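Here is the structure we will look at, set down as structure tokens.
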Amino acid sequence: MDPEIVALGSIVISSLVGNAVQDAWTWGKGRLVALFVRDGADETAVDDELEQARRQTLEAREAGDEDTVDEITGELSSRVLEVFTERPDAVREARELVGEALTRATPAEASSALLHYVNHTALFREMDSHWRVCRESGTVTSVFLSGVRGVGKRSTARQWIHSHRDVLVGVFLQADLGMRGGRMADPAVLLERWLDELDVPREERPADVPAKARRVRHELRERSVVFLLENVTTTRQVRELLTDQPYGVVLMTGQEAPHDLTAFLEFLPLPVPVLRDEHALELLVKVSRTTEDPAKLEPIVRYLGGLPLALRLIAGHLKAPVPGMVEDIGARLAGRAGRQELVDVDDPNPLPEALELAYGRMAVRTAQLYRRLGLLMCEDFQLDTVFALVPDWEPSEVRAALSALISGGLVERRGLDAYRMHILVHDHASTVAERDETESEREAVRRRIAHHFLRITERGEQTLSTRWLYDPMNAFPADTAADDRQQSEALRELARREAGIFAAVRSAAEAKLHLEAWRLSQAIRTFCLRTGRHTQWIEAAETGLASALETGDTMAVARASYEVGFAHLERWNVEEGDPRLAREYFEQALSLVNPGVPGRSEGERRTESSVLEGLGLFERKLKRPEHAIDGPQTHRLDELA
């Protein structure tokens, strides 16, 4: 069965089982009953069965019996896959179920709590007091959580939201403003995502950032909302996203609050301290579930300096009750250099000894998945991507290995179906993949990754557009028109995977999978066009062009040149030289398709037509459409007609 479909079955169940104690269960259970009921089936019996599963889940969780929770989840997931096999149309129903579950989530549900979270009682008391005063005065509650990397600012913010799940209802808007590839997050992209989440029709969305922000504010009028802005570094970032006056609750995190932020927004600055030794020890014991005498762990706690990130990473090494393991870890952490490497998460290689210990204690399957995740680019990934990395495994084996990595703090769960490795952990996973996998094994995994994203991206492009794509492999079916619902679903799917898709273009090129790289860059056009991802589009298109040149396929080079030109045409930033570059790439593409020569291929004729259309749009943007009509291309337009 398709890995994406297998993953979908797991997501449907895990999303509902995960919210078994929330109001969302009642709504979700009704949808699940409709999915399970077949002709002649007893709807009441199915309903009762799901309620029994819910009760068993709650009892198991209260008892700390996660194995039983996993067993119930696995059984229900298998039933969903059976439904998919018998009724292929149920796949669409399941996707809609997951999509609606995401939009129905309250802020507290969308911001899930950590299983093990300790202390910061005084911090929460200050936040509660500030929140109470602000509510009584009718003003926004704004808090800035500051501190070093790895101290738990994000976890603290999300834990506070979750702890007030009975009161915080309405809209939850989150944005990570951290640096990506040396650049700060683009506010236009973030606001566009918020407009998606607020269901604003695409044709009603303004183009510029201030107008987008005003439209977000308009949609939030008279609505309760919680903003979570992570990794804030400048006041401008906050101002561009929140405009004049935000509503409800604004939680911000960053290494330190911008000095001029108070001129724009009144907020409570709260440094997030490292954990005191007794609380750090409590966290280490809870996460590791170790049965060692806590007194033996005290040296490790002192060496780690109460940094939650480092504590959670080390906890993964303590899960295996090997005699002498605690002393070994303590010895590695005893030196000053070792402690600094663990605490300084900005260091290129801060946790080599600890991560190597964790890797050495992994089960065989877990270690293999760890290495293969290291061959992905360090971006958010989805469960179906994990399935694609290990296609010969049973679904239960994949879930178990991923769960082990999450439990050890080596993979972070970032949403209903989103995961990521911390960059430092990913560095180590990549290193051991290079060391412990053969070249042929690494090449096969990278090829599977490229093909996984290529399939998703080309399928999405075909749903969003009927435009012609150059396909030397003849893999595309005939053009079919998709309805609005299908297109909206495709946009949503591509948007939640966009980081992985753009990364796949780069990684395919780096792996010398040049055919896959330029095809990926060709297939992201309509998504980028509709969502305004111009900068990412141009970078991917340029990467695709470089790969096309490596293939020696002249038609691929022509199409890739056209794609780069069209991306510059759409961005049209004069300071960046887009007008000049658009024309240069269009002319380069045109020169490669033998204009005016009889007996050309369909690809050459179609590419010429596309380029001439692009040049016409180019002239129109220059406000001289007569050049498009009377210019030297006229005879070619006549020929194509």
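Keep in mind the model is a prediction, meaning the values are calculated, not measured.
Ser430 places a side-chain N or O within donor-acceptor distance of the main-chain N or O of Gly374, the cut-off being under 3.5 Å. Looking only at distances, no side-chain donor or acceptor of Ser465 sits under 3.5 Å from a matching main-chain atom of Gln462. Not one N or O on the side chain of Glu608 forms a donor-acceptor pair closer than 3.5 Å with the backbone of Arg605. With hydrogens and angles ignored, the 3.5 Å screen pairs a side-chain donor or acceptor of Arg372 with a backbone N or O of Leu389. A donor-acceptor pair under 3.5 Å is absent between the side-chain atoms of Thr385 and the main chain of Phe381, judged by distance alone. Panel note: side chain His426, backbone Leu376; a donor-acceptor pair is recorded below 3.5 Å. Proximity of a side-chain donor or acceptor of Ser155 to a complementary backbone N or O of Gly152 within less than 3.5 Å is not detected. Side chain of Gln237 to main chain of Thr234: a donor-acceptor pair is present (N/O by atom type, distance under 3.5 Å, no hydrogens or angles). Proximity of a side-chain donor or acceptor of Asn594 to a complementary backbone N or O of Val597 within less than 3.5 Å is not detected. In terms of modelled atom types and a separation under 3.5 Å, the side chain of Glu441 and the main chain of Thr438 share a donor-acceptor contact.
Annotation: salt bridge (charged side-chain N to carboxylate O under 4.0 Å, His left out) contacts of Glu434 (sequence neighbours excluded): Arg442, Arg446. With sequence neighbours excluded, the residues that form a salt bridge (charged side-chain N to carboxylate O under 4.0 Å, His left out) with Arg202 are Glu192, Asp196.
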(Q) As a quick check of understanding, evaluate side-chain contact (heavy atoms from CB on, under 4.5 Å) for Val611 and Val593, giving each step before the final call. (A) CA-CA 10 Å; Val611 172; Val593 294; over 6 Å; no
Q: Assess whether salt bridge (charged side-chain N to carboxylate O under 4.0 Å, His left out) is satisfied between Arg583 and Glu619, documenting all intermediate values.
A: CA-CA 10 Å; Arg583 182 163 198 118; Glu619 297 294 350; 3.0 Å; yes
Q: Go through Asp176 and Asn231 one step at a time and tell me if the side-chain hydrogen bond (donor to acceptor under 3.5 Å, both in side chains) criterion holds.
A: CA-CA 6 Å; Asp176 186 345; Asn231 296 313; 2.8 Å; yes
Q) Going through the checks in order, is the side-chain contact (heavy atoms from CB on, under 4.5 Å) test met by Met252 and Leu145? A) CA-CA 6 Å; Met252 298 165 283; Leu145 299 172; over 6 Å; no
Q | Evaluation steps, side-chain contact (heavy atoms from CB on, under 4.5 Å), between Asp578 and Leu569 | A | CA-CA 6 Å; Asp578 285 337; Leu569 176 70; over 6 Å; no
Q: Evaluate the criterion side-chain hydrogen bond (donor to acceptor under 3.5 Å, both in side chains) for residue pair Gln588 and Ser561; output intermediate values, then yes/no.
A: CA-CA 7 Å; Gln588 176 175 300; Ser561 299; 2.8 Å; yes
Q) Taking it one step at a time, do Tyr585 and Tyr562 satisfy ring pair (Phe, Tyr, Trp, His ring centres under 6.0 Å)? A) CA-CA 6 Å; Tyr585 281 111; Tyr562 163 69; over 10 Å; no
Q: Begin from the C-alpha positions of Arg496 and Asp417 and carry the test side-chain contact (heavy atoms from CB on, under 4.5 Å) through to its verdict.
A: CA-CA 9 Å; Arg496 75 188 185 95; Asp417 182 33; 3.0 Å; yes
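Classification of Arg497 and Asp384 as a salt-bridged pair holds, one side-chain N sitting under 4.0 Å from a carboxylate O. Ion pairing of Glu550 with Lys512 is absent here, as no side-chain N (NZ or NE/NH1/NH2) approaches a carboxylate O to less than 4.0 Å. The residues Arg455 and Glu458 are annotated as not salt-bridged, no charged nitrogen and carboxylate oxygen being separated by less than 4.0 angstrom. The existence of a salt bridge linking Arg506 and Glu510 is excluded, since no basic side-chain nitrogen approaches an acidic carboxylate oxygen closer than 4.0 Å.
Under the 4.5 Å side-chain criterion, counting only non-hydrogen atoms from C-beta, Leu220 is in contact with Leu198. Between Thr607 and Trp468 there is a side-chain heavy-atom pair separated by less than 4.5 Å. At least one side-chain heavy atom of Pro258 sits under 4.5 Å from a side-chain heavy atom of Phe144. Annotation: side chain of Leu229 is not in contact with side chain of Thr253 (no heavy-atom distance under 4.5 Å). Val189 places none of its side-chain heavy atoms less than 4.5 Å from the side chain of Thr535. Side-chain contact between Glu197 and Leu173 is present, with at least one heavy-atom pair separated by less than 4.5 Å. Considering only heavy atoms from C-beta on, Glu219 stays 4.5 Å or farther from Val171 through its side chain. Side-chain atoms of His568 and Glu542, non-hydrogen and from C-beta on, do get closer than 4.5 Å to each other.
If you take CG on Leu454 and CZ on Arg448, they are separated by 15.5 Å, rounding to the nearest 0.5 Å. If you take CG on Leu261 and CZ on Arg236, they are separated by 15.0 Å, rounding to the nearest 0.5 Å. For the atom pair CG of Leu520 and CG of Leu515, the computed distance is 9.5 Å after rounding to the nearest 0.5 Å. Distance CD/Glu563 to SG/Cys528: 10.0 Å, rounded to 0.5 Å. A distance of 11.5 Å separates OH in Tyr419 from CG in Asp380, rounded to the nearest 0.5 Å. Here the CD1-OG1 distance, from Ile501 to Thr457, works out to 4.0 Å after rounding to the nearest 0.5 Å.
Applying the 6.0 Å contact sphere to CG of Asp208 captures more than 12 heavy atoms from other residues, nucleotides or ligands. Within 6.0 Å of CD in Glu203 there are more than 12 heavy atoms belonging to other residues, nucleotides or ligands.
Between Phe227 and Trp194, the ring centre distance stays below 6.0 Å.
Between Gly603 and Met555 the shortest heavy-atom distance is C-CE, 3.4 Å. The minimum heavy-atom distance linking Ser521 with Gly544 is given by the pair OG-CA, 3.3 Å. Closest approach of Val574 and Pro579 over heavy atoms only: CA-CD, 4.1 Å. Closest non-hydrogen pair, Thr554 versus Leu592, comes out as CG2-O, 3.9 Å. Of all heavy-atom pairs between Pro595 and Arg600, the closest is CA-NH1, 3.8 Å. For the pair Ala490 and Gly460, the tightest heavy-atom approach, listed with the atom from each and the gap, is CB-O, 4.4 Å.
In this pair, Phe566 and Phe586 present their aromatic rings perpendicular. The plane angle is above 60°, beyond the 30 to 60° band.
Pairs engaging residues 521-533 under the salt bridge (charged side-chain N to carboxylate O under 4.0 Å, His left out) rule: Glu498-Arg533 [sequence neighbours left out].
By the 6.0 Å and 45° rule, Arg559 does not stack over the aromatic ring of Tyr470.
A donor-acceptor contact under 3.5 angstrom links the side chains of Thr526 and Glu461, judged on distance only. Using modelled atom types, one finds no donor on one side chain facing an acceptor on the other under 3.5 Å when comparing His534 with Glu570.
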